Structures are given as C-alpha cells and as structure tokens.
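A short write-up of the structure that comes next.
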Number of protein chains: 2
Amino acid sequence: MQLDETDKKLLLFLQQDCKQTTKELSYKLGLSITAVYERVRKLENNGVISKYVAILDKTKIDKNFVILCHVKLTQHKKEYVLRFEKEVMTLDEVTECFHVSGDYDYILKICVKDMEDYRNFMLTKLTTIQHIASTQSSFTISEVKNTTELVL
Amino acid sequence: MQLDETDKKLLLFLQQDCKQTTKELSYKLGLSITAVYERVRKLENNGVISKYVAILDKTKIDKNFVILCHVKLTQHKKEYVLRFEKEVMTLDEVTECFHVSGDYDYILKICVKDMEDYRNFMLTKLTTIQHIASTQSSFTISEVKNTTELVL
DNA sequence: GGTGAAAACACTCTCAG
DNA sequence: CTGAGAGTGTTTTCACC
C-alpha cells in the first residue's frame, strides 16, 4: 500500500475525529473536496481504514476497573490452544487478548466495574475454560496512555 | 448516568459503526428519527460517547509487530513516576500504558513495523528514559482479540 | 418519555472537464 | 485534481400523543 504524505495526514485526522466533514479535511489538507473524498474512499476500499467507531468513556459506563491478566496453559496442543482462543473471543469483558512469547502464553486486557465484578468474571467465566495452568492478574492503578491512534 | 436498554443498544451499534445514519439506527431500535437523534446528542453531551474515530488495519500500515513490555522503575519517588509517565505519553509507538500492581510497575503496548524497528525504539527512545530498572518484552505471536467495544 | 412533518442547511457523491 | 449539481442526510422547530 503506497501512502503519500497527504494520505498519512488524512489518516491521522480521521483517527482523531472521523466525523469531520470532507470540507473541513479539504481545508486542512489544502485540497479540493473531491480530491479528499476520493482519497478517503480509496483508503476505505483497500482496507487501510477498517472501520469507524464510537469510543466510550469507561468511567461513565461502569467499566473502569481494568486488569491485565497473564495466562499459562497446561499444554500447547493445538486443540487446547484453539479451544482457549475460541472461548476467550466470546467473553465480552475481554477487550484484548494476545498470544505472546515468554513466561506466559496469553496476556488479556479485561474491563469490568469493580473487584467484585472481576472476582465473578474469574470464577464463572475465565477459569471455567479448560487447560488453564495458571493466571496472574495485574490491576491497573492508572491509565497513563490509551489510544487507538497509530502514527504513520 | 442512567442508561436504559435502548441507550445500551444504541451505544453498541455506534461502537460497531458510528457512520450509520440516524435513520438506520431508528429502524434498528424501533424508534423515530427524532428520538434517536435526541438520545445520541444526550450521550455525546454527557460524555458517555467521548469521540468518533477511524480504526486502521495495522497489517496495512507497517505497524503489525506488537509488543507488550513490562517495565520496572528503580524507585517509586513521585518525581520519577511522573517523569516516566510524561515521557512515555510522547512516544508514538506506545499506544497503551498502564500503571499496574504486582511484579512490574508498568505494562506498555507498543506497535512497530518489525524487530529491527523495535530494537531501534528500545535503544533510542524507551531506555533513554531515566530510572528504568528493567524491561521485559513479550512479543505477540497472534492477536486473538482486539476490540474497542465495551458491552453494556 | 414518545411521534411525524416541514424547512433550512450542509454534506455526499457523481460527472464532465 | 477541480468545480458544479442532484440527491440525501442533518438539525431544528413545531404541534401533538
């Protein structure tokens, strides 16, 4: 995918606020409305822009208790790995899950209301998945940075 | 913030695709355009919806090497903590940074192009921050789940 | 809380150049 | 890439349930 400087700037703007009109963007980029329109459409069609979403404020919807949970499996048989991943994907509280190298197999980011909610999540959802050897939870004291923006 | 079931459904729809028209949403929710319009405005104004953004495909913009890096500081003096957090915030490669309880002080999510890029990031950016005692990197083998959607 | 209609306005999208 | 035009959606107000 060949992106020129204008495309990169455009993508930065859209990652900050995708509700800007083509008119506003054309002004910021020094191009005509049509030119910007065509570029956006190209970036959508070739999949560089995958979607447009609303970002909610976790503190206002009772999801402000964030935990990073490190999981080890008992074995790394393909069957166990696929089973674990499939089940994790269905858990709404898990917003991110990475299969990683190193001391653990997976690192999960979990968003819940409070400690009670987390305890409940662990007991009734996460640890009911088969073949988990151990979990280690790191509770978030503060969120220093959390952005969806990738700088090009 | 009092959210009824209709608000929750509306927020789910907007978290999946914020470019839907009020008309489409009114159809899905079984409400009038005006009713949906008023609800969306309310959710924007009271800050439940914090912003609307474009989500890019990491694989198409050379940011598909994701690392979770665990950082320990040498001391936890307020000055060192604030200094570290301030500097981390300026690093474009760091998309998330959490101050956590447990064996490490911080867990960072870092998005770069490849291992060479990561090495360069570590040597010229991260480890130039003062008072870091140690870092431990977990490389992502696969991204099992990664969503911005919070289920209400 | 909700509806439907109307009007003014702004934006999207296409097309010819 | 540009500018213009038709079509469509947004935003607001209104009377009303």
Side-chain angles (χ1 to χ4, degrees), chain A residues 1-64 92 113 147-152, chain B residues 1-62 147-152:
Chain A
M1 219 63 58
Q2 206 68 355
L3 302 174
D4 64 17
E5 285 308 308
T6 305
D7 285 325
K8 290 179 183 178
K9 278 187 206 163
L10 179 53
L11 287 171
L12 283 180
F13 292 142
L14 290 174
Q15 285 185 100
Q16 287 156 8
D17 177 10
C18 70
K19 290 252 168 155
Q20 291 171 94
T21 62
T22 311
K23 194 175 177 179
E24 287 174 297
L25 293 167
S26 70
Y27 179 72
K28 291 184 183 173
L29 293 170
L31 285 177
S32 69
I33 291 175
T34 312
V36 174
Y37 179 76
E38 296 294 348
R39 279 174 184 267
V40 173
R41 205 172 59 167
K42 187 194 76 190
L43 292 166
E44 288 168 357
N45 289 339
N46 64 23
V48 171
I49 296 174
S50 62
K51 56 183 173 177
Y52 297 101
V53 304
I55 301 293
L56 308 190
D57 182 342
K58 282 199 293 295
T59 65
K60 304 211 169 153
I61 53 167
D62 286 341
K63 297 288 176 191
N64 204 32
D92 291 337
K113 184 186 176 195
T147 182
T148 55
E149 190 180 331
L150 297 166
V151 178
L152 301 162
Chain B
M1 218 63 58
Q2 205 67 357
L3 302 175
D4 65 17
E5 285 308 308
T6 306
D7 284 326
K8 290 179 182 178
K9 277 187 207 163
L10 179 52
L11 288 171
L12 283 180
F13 291 142
L14 290 174
Q15 285 185 99
Q16 286 157 7
D17 177 9
C18 70
K19 290 251 169 155
Q20 292 171 92
T21 63
T22 312
K23 195 175 177 181
E24 287 173 298
L25 292 167
S26 69
Y27 179 72
K28 290 184 184 173
L29 293 169
L31 286 176
S32 69
I33 290 176
T34 311
V36 174
Y37 179 75
E38 297 294 347
R39 280 174 183 267
V40 173
R41 277 215 79 84
K42 188 194 75 190
L43 292 166
E44 287 169 359
N45 290 337
N46 64 22
V48 171
I49 297 173
S50 63
K51 56 183 172 176
Y52 298 101
V53 305
I55 302 292
L56 307 189
D57 182 342
K58 282 200 293 296
T59 65
K60 303 213 169 152
I61 53 167
D62 286 339
T147 182
T148 55
E149 190 181 332
L150 297 167
V151 178
L152 302 162

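Chain identifiers are assigned alphabetically (A, B, ...) following the order of the sequence lines, protein sequences preceding nucleic acid strands; residue numbering begins at 1 within each chain. None of the values given here were measured: they were computed from a predicted structure.
- Judged by atom type and distance alone, Ser32(B) does not reach the base of dG4(C) through any side-chain donor-acceptor pair under 3.5 Å.
- Following rounding to the nearest Å, Leu29(A) (CG) and dC1(D) (P) show an atom-to-atom distance of 11 Å.
- Side-chain nitrogen and oxygen atoms of Tyr37(A) include none within less than 4.0 Å of the OP1 or OP2 phosphate oxygen of dC11(C).
- Look at CZ on Arg39(A): it is 19 Å from C1' on dT12(C), rounded to the nearest Å.
- Of the options Thr21(A), Thr34(A), Ile33(A), a side-chain contact (heavy atoms from CB on, under 4.5 Å) to Ser26(A) is made by Ile33(A) and by none of the others.
- Counting only heavy atoms from C-beta on, Ala35(A) has its side chain closest to dT2(D) among dC11(C), dT2(D), dT3(C).
- Rounded to a whole Å, the CD atom of Glu24(B) is 8 Å from the P atom of dG9(D).
- Side chains of Tyr52(A) and Glu44(A): a donor on one and an acceptor on the other come within 3.5 Å.
- A straight line from NZ of Lys23(A) to P of dT2(D) spans 16 Å, rounded to a whole angstrom.
- Rounded to an integer number of Å, the gap from Leu25(A) CG to dC1(D) P is 14 Å.
- Nearer to the 5' terminus of DNA chain C, by closest-nucleotide assignment, is the contact made by Thr34(B) (compared with the other of Thr34(B) and Thr34(A)).
- Lys28(A) places no side-chain N or O within 3.5 Å of a backbone atom of Lys9(A) that could act as its donor or acceptor partner.
- Distance, Tyr27(A) OH to dA10(C) P: 17 Å, rounded to whole Å.
- Note that the CD1 atom of Ile49(A) and the CD1 atom of Ile61(B) stand 10.5 Å from one another [nearest 0.5 Å].
- The side chain of Arg41(A) contributes an N or O atom lying less than 4.0 Å from OP1 or OP2 of dT14(C).
- Other residues, nucleotides and ligands contribute more than 12 heavy atoms inside 6.0 Å of the NZ atom of Lys19(A).
- One can place CD1 of Ile33(B) at 16 Å from C1' of dC14(D), the figure rounded to the nearest angstrom.
- The residue Leu31(B) sits close only to the backbone: its heavy atoms come under 4.0 Å of sugar-phosphate atoms, none of a base.
- In this structure, Lys19(A) places its NZ atom 18 Å from P of dA10(C), rounding to the nearest Å.
- Comparing Thr21(A) and Glu38(A) along DNA chain C, the residue whose closest nucleotide (by nearest heavy atom) sits nearer the 5' end is Thr21(A).
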